[in-house]
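What follows is a set of notes on a single structure, which appears directly below.
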Protein chains: 2
Amino acid sequence: MADRLPYGSGRTSPQRRAIASMAEELGRAFTIDDLERALRRKGKRAGVATVYRAVAAMEESGWLERVGVRGSKALYARCDSPAHHHHLVCTSCGIVLATDCPLEFATHSAKAEHGFTVTEHDVTLYGVCRDCRPGPELGEDGD
Amino acid sequence: MADRLPYGSGRTSPQRRAIASMAEELGRAFTIDDLERALRRKGKRAGVATVYRAVAAMEESGWLERVGVRGSKALYARCDSPAHHHHLVCTSCGIVLATDCPLEFATHSAKAEHGFTVTEHDVTLYGVCRDCRPGPELGEDGD
DNA sequence: GCGTATGTGAGAATGGTTATCACATGAGGG
DNA sequence: CCCTCATGTGATAACCATTCTCACATACGC
Ligand SMILES: [Mn+2]
Ligand SMILES: [Mn+2]
Ligand SMILES: [Zn+2]
Ligand SMILES: [Zn+2]
C-alpha cells in the first residue's frame with residue numbers, strides 16, 4: 001500500500017508540493033542541486049533551505065531515500081519500499097533499482113569468525129543499467 | 001609480509017614519517033582530526049594541509065584505506081591488503097577487521113534480473129567487536 | 001475566523017576539505 | 001660532497017555542501 005505521504009504528518013505548502021512532485025517526476029537519482037535546477041526550469045521557486053528541509057522531511061517519512069553520493073553531493077531517489085533493501089544506481093542515466101540485501105551471510109560470518117556483531121551497513125552498487133549498456137554492434141561508451 | 005611503502009614512490013620527510021607511524025600506531029579507524037590530535041599530543045607538528053596530503057598519498061599507495069565516515073568526517077585505517085575486500089568497523093573502539101566481499105551473488109543477480117552491470121560498490125559493515133560487546137552478565141540484548 | 005505550531009527564505013555561519021604561494025628540503029646526478 | 005630542482009611544507013584563503021538564524025508568512029485544528 002504505497003499511499004505513504006511525502007511529508008508524513010508534516011504540513012504541506014505550495015513549495016513542498018512542488019518539491020515532492022518534482023522528485024516523483026524525475027524518476028531517477030538526483031542531488032539537491034538537480035532538484036533545484038529542475039524546479040527552476042518549471043518556474044517553481046523555493047529557497048535552498050526549504051529544499052533541504054523538504055528533502056530531509058521526505059527522507060524522514062521514508063518516501064525518499066538517500067542512495068549514495070555523486071561527487072561531493074548526496075544522492076536521493078524516490079523509493080518507499082518498506083522492507084530492508086539496497087540500490088543499484090546507474091552512473092549513466094541515474095535510474096535506481098531496488099535489490100535484496102546480500103549481507104545475511106556476511107553478517108553471520110562476521111559473528112562466527114570475528115565475534116563481531118553487525119548493527120548497520122552501507123551497501124550501494126553502481127554500474128550501468130540495461131538501457132545504458134552500449135549495444136554489441138555500436139561499440140560506444142555512453143555519457 | 002607487506003613491505004609496501006606508505007608513500008609509494010613519493011619523498012619522505014620528518015612530517016610524513018611522523019604521520020605514517022602515527023597511523024600505524026593508532027591501530028584503529030581514525031579521522032584526519034584524530035590523527036592531528038594524536039600527533040600534537042606527541043609533540044609532532046604538521047600543518048593541516050600536510051596531513052591531508054600525506055593521507056591522500058598513503059591512500060593512493062594503498063597503504064591506507066578509507067573505511068567510511070564518522071559523522072561528517074572521512075574515516076581511514078591502516079590496511080594494505082591487496083585483494084578486494086571490505087571492512088568491519090567497530091563503532092565503539094574503532095577496530096577495523098577485513099572481510100571478504102559478499103557481493104558476487106548480488107552482482108550476478110543484478111545482471112540476471114535487471115540487465116544491470118555492476119562496476120563499483122560501497123560496502124561497509126558497522127557494529128560492535130568482540131572486545132566491546134557487553135558481557136552476558138551485564139545484561140545483554142541479543143540484537 | 002483565531003491562535004499557534006510549523007514552514008519559508010535571504011543571508012550568515014559552519015566545517016571539512018582543497019587551493020595558493022612563498023619558502024624549505026630530500027635525493028639523485030655530477 | 002654539493003647542486004639543483006622536483007617535491008613537500010604550512011599559514012592562509014578559498015571552496016562549497018549543508019545547516020542555522022530570525023523575521024515573517026501561513027496551514028490547519030479548534
Ligand atoms: Mn529503496
Ligand atoms: Mn582493508
Ligand atoms: Zn542490507
Ligand atoms: Zn566487494
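All chains are named by letter (A, B, ...) in the order of the sequence lines, taking the proteins before the strands, and each is independently numbered beginning at 1.
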| request: Please assess Val123(A) against Asp122(B) for the test side-chain contact (heavy atoms from CB on, under 4.5 Å), listing each intermediate value before the final yes or no. | output: CA-CA 5 Å; Val123(A) 175; Asp122(B) 288 343; over 6 Å; no

| field | Arg130(A) (side chain) donor-acceptor with His114(B) (main chain) under 3.5 angstrom | value | yes

| task | Using modelled atom types only, decide if a donor and an acceptor are shared between the side chain of Arg45(B) and the backbone of Arg40(B) within a distance under 3.5 Å. | result | no

| note | Heavy-atom nearest nucleotide on DNA chain D taken for Asp33(A) and for Thr12(A); more 5' hit belongs to Asp33(A)

| query | Pick one: which of Lys42(A), Lys44(A), Arg78(A) meets salt bridge (charged side-chain N to carboxylate O under 4.0 Å, His left out) with Glu25(A)? | reply | Lys42(A)

| said: With the threshold set at under 4.0 Å for non-hydrogen atoms, list the residues of residues 38-62 of chain B touching DNA chain C in residue-number order. | reply: Ala49(B), Tyr52(B), Arg53(B)

| request: Would you indicate, yes or no, if dG8(D) has its OP1 or OP2 atom less than 4.0 angstrom from a side-chain nitrogen or oxygen of Arg16(B)? | output: yes

| said: Going by the rule side-chain hydrogen bond (donor to acceptor under 3.5 Å, both in side chains), which residues pair with Glu59(A) if we only count those two or more places apart in sequence or in a different chain? | reply: none

| Shared hydrophobic cluster, Met58(B) / Tyr76(B) (ILVMFWY, side-chain heavy atoms < 4.5 Å) | yes

| query | Which is the 5'-most and which the 3'-most nucleotide of DNA chain C that has an atom under 4.0 Å from a heavy atom of chain B? | reply | dG16(C) to dA27(C)

| So what does Thr31(A) hit on the nucleic acid, given a heavy-atom distance under 4.0 Å: a base, only sugar-phosphate, or nothing? | nothing

N/O donor to acceptor pairs below 3.5 angstrom from side-chain atoms of residues 101-110 of chain A, sequence neighbours left out:
from: Thr107(A); atom 1: OG1; to: Leu103(A); atom 2: O; distance (Å): 2.9
from: His108(A); atom 1: ND1; to: Glu104(A); atom 2: O; distance (Å): 3.0
from: Ser109(A); atom 1: OG; to: Phe105(A); atom 2: O; distance (Å): 3.3
from: Ser109(A); atom 1: OG; to: Ala106(A); atom 2: O; distance (Å): 3.3

| message | Using five pairs at each end of the helix from dG1(C)-dC30(D) to dG30(C)-dC1(D) to define an axis, what is the angle between those two axes, to 10°? | response | 40°

| Which word best sums up how the rings of His121(A) and His86(A) line up, parallel for under 30°, tilted for 30 to 60°, or perpendicular for over 60°? | tilted

| said: Lys73(A): which residues meet the salt bridge (charged side-chain N to carboxylate O under 4.0 Å, His left out) condition with it, sequence neighbours left out? | reply: Asp33(A)

| message | Taking Ala54(A)'s backbone N and O only, do any of them form a donor-acceptor pair with Arg16(A)'s side chain (distance below 3.5 Å, no angle check)? | response | no

| query | In whole angstroms, how far is the P atom of dC16(D) from the CD atom of Glu36(A)? | reply | 15 Å

| message | Rounded to whole Å, how long is the line connecting atom NZ of Lys73(A) with atom P of dA17(D)? | response | 5 Å

| note | On a heavy-atom basis, the closest approach of Leu5(B) and Ser61(B) is O-OG, 3.4 Å

